[in-house]
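One structure is given here, and the rest of the page talks about it.
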Number of protein chains: 2
Amino acid sequence: MLKDIIENSENYQPGLSIDCVIFGFHDNQLKVLLIKVDKSQKWSLPGGFIPVDQDIDTAAITVLNSRTGVEGVFLRQFATFGKVNRNEQHFDKKILEYLKIEEEKGKWLLRRFVTIGYYALVDFLKIIPNSMNRNETVEWIDHKEVPELILDHKEILDKALDTLRMELNLMPIGYNLLPEKFTIPELQKLYETILDKKLDRRNFLRKITNIGILSKLDEKKSNVAHKAPNLYSFDKEKYEEVLKIGLNQGW
Amino acid sequence: MLKDIIENSENYQPGLSIDCVIFGFHDNQLKVLLIKVDKSQKWSLPGGFIPVDQDIDTAAITVLNSRTGVEGVFLRQFATFGKVNRNEQHFDKKILEYLKIEEEKGKWLLRRFVTIGYYALVDFLKIIPNSMNRNETVEWIDHKEVPELILDHKEILDKALDTLRMELNLMPIGYNLLPEKFTIPELQKLYETILDKKLDRRNFLRKITNIGILSKLDEKKSNVAHKAPNLYSFDKEKYEEVLKIGLNQGW
DNA sequence: CCTTAATGTGTTATAATGACGCAATGTAAT
DNA sequence: ATTACATTGCGTCATTATAACACATTAAGG
């Protein structure tokens, strides 16, 4: 795959890549989809290169889609990373030897790559982590237990989470991270997990319902310990509306 | 200049550029620093290319500095633009002929360029718009009277303003856009101009002073019609602190 | 059947916001 | 000089939002 790209490098934007921070939510944990190439010691964010005939947003969708199989989810560009030495220890000649790529073609890879960061929010249960070949492992990892990552991928991940936390104040979140029917406590735990902070149950309920994006269903969650919580779903129309205009007007 | 870059294109990141939206404030108008190359009909944002041995942030500082002469001001990356055809009508062979660049070297320019957008807030009065050569005009233009721009520069400018408006709710603004001593009405007009919205005088005063970033000076503005307003300055220390932690906590 | 650990609903004090009123001040017109 | 006028500075009040907390309800399990 990488070999194909390098050998057809004239079809790809040089020195530019895309990395996706794909968030999911499960077992009250914020998960991140990470990849490990078998021969490598470290994990990395799913990424890809940009065909010269594709918009960068389209290329990002391709990356997300190839790893998760989902389409039409929340995907947003958040920052671009371009320190001089960000990949100088990584894309070195060993890879080219390993992939049996001739030196002239290989030069395409041996330069500083600037990478455009996107983050996605996806429904954990709808995703089957998809390894594109047998040499790599794709896995959901709790964001609190992320192992050492290649290059500056930790920095990229942190920035994505910072952005997500900030955008939590500007727009509703949850539609893409929760199943269709969910309970208020579940939604609250999502918020608490993202923010890494305890919230008051009762105040949370009031605030979240006041936004007007929730529909209370005439149905309770079954098979739960203690009192069965009510189920809710998002009112997609109002949700989209609030996504557009934003939550806080501020000034 | 462009000729130099193309002829030494191996020293520059291929297919990648930087564009700066430089905001200033004067006469109660939000100004944008724009450039017009004499032979061109349209204006453009000041931009530049990225030396392979420079961080992208450093390259952005270079662009800003070369046009304004200022250093250490507010400069922030806000988005990266990479539609497939964003520059296909612009960087064409005519330019290469005009610059007398041989075809092989010129290929560097004839591809899709992805551009990283930065926006800067600078003190209008401290800037001397600096044209790098006689063929170009550098000018402050009221953001409401921005003429047609090349490529997708209008889109970039709009996105920068959107970002600025959003960040107005997250952090204090003004330190880089106003002179050292200023009045509350001036600061309010800055906010009103950026937001394109009238604010209540009295509520603005209360809110802005409650942030705790202003120092009331024992001095009034002179030579003004009507009642002389008090002068204020920013408490740099508290300002920086609020910049870090942010204004609204939200959740 | 009682304990336990959740959920659902409400209350109260405090703070933030939005919409105004009015006096003080300096310019400009008469 | 006096007055009209625009603008600043400071304050009020009703409404809304927020934070902290009390209590009843519900289901599971000993």
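Convention: sequence-line order gives letters A, B, ...; per-chain numbering from 1.
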Using the closest heavy atom to pick a nucleotide of DNA chain D for each, name whichever of A:R206 or A:A225 lands nearer the 5' end.
A:R206
What about B:K227: does its side chain form a donor-acceptor pair under 3.5 Å with the base of D:dT7?
no
Reading DNA chain D from 5' onward, which residue's closest nucleotide shows up sooner: B:H226 or B:G250?
B:H226
Less than 4.5 Å apart, any side-chain heavy atom of A:N248 and any of B:N169?
no
Return the residues of residues 210-220 of chain A meeting this criterion: a heavy atom under 4.0 Å from some atom of DNA chain D. Order them by number, or give none.
none
Give a yes or no on this: more than 12 heavy atoms of other residues, nucleotides or ligands lie within 6.0 Å of atom NZ of A:K238.
no
Side chains of A:I194 and A:F25 in contact at under 4.5 Å (non-hydrogen atoms)
no
Mind checking which nucleotides bracket the chain B contacts on DNA chain C, 5' to 3', with an atom under 4.0 Å from a heavy atom?
C:dT17 to C:dT27
Rounding to a whole Å, what distance do you find between A:N248:CG and D:dT18:C1'?
13 Å
When you compare the side chain of A:W251 with that of B:I208, does any pair of heavy atoms fall below 4.5 Å?
yes
Find the distance A:N230:CG to D:dT25:C1' and express it as a whole number of Å.
13 Å
Is there a side-chain contact between B:Q77 and A:T80, using heavy atoms and a 4.5 Å cut-off?
yes
Evaluate the ring planes of A:F182 and A:F234, with Trp represented by its six-membered ring, and classify them as parallel (under 30°), tilted (30 to 60°) or perpendicular (over 60°).
tilted
Heavy-atom distance under 4.5 Å between the side chains of A:K83 and B:D55, does that happen here?
yes
By a strict heavy-atom criterion of less than 4.0 Å, which residues belonging to residues 192-204 of chain A are in contact with DNA chain C?
A:R201, A:R202
I need the CD1-P distance between B:I184 and D:dG9, as an integer number of Å.
8 Å
Find out whether B:T163 and B:Y119 are in side-chain contact, i.e. whether some heavy atom of one side chain is under 4.5 Å from a heavy atom of the other.
yes
Decide, yes or no, whether a salt bridge links B:E240 with B:K244 under the criterion of side-chain N to carboxylate O below 4.0 Å.
no
Non-hydrogen side-chain atoms of B:Q29 and B:H143 separated by less than 4.5 Å:
no
B:W251 CH2 to D:dA17 P, straight-line distance once rounded to whole Å:
13 Å
Only one of B:F23, B:W43, B:W140 clears side chain to side chain contact (heavy atoms under 4.5 Å, CB included) with B:V32; which?
B:F23
Atom CG of A:N169 and atom P of D:dA17 are separated, to the nearest Å, by 16 Å
From OH of B:Y232 over to P of D:dT8, roughly how many Å is that when rounded to an integer?
12 Å
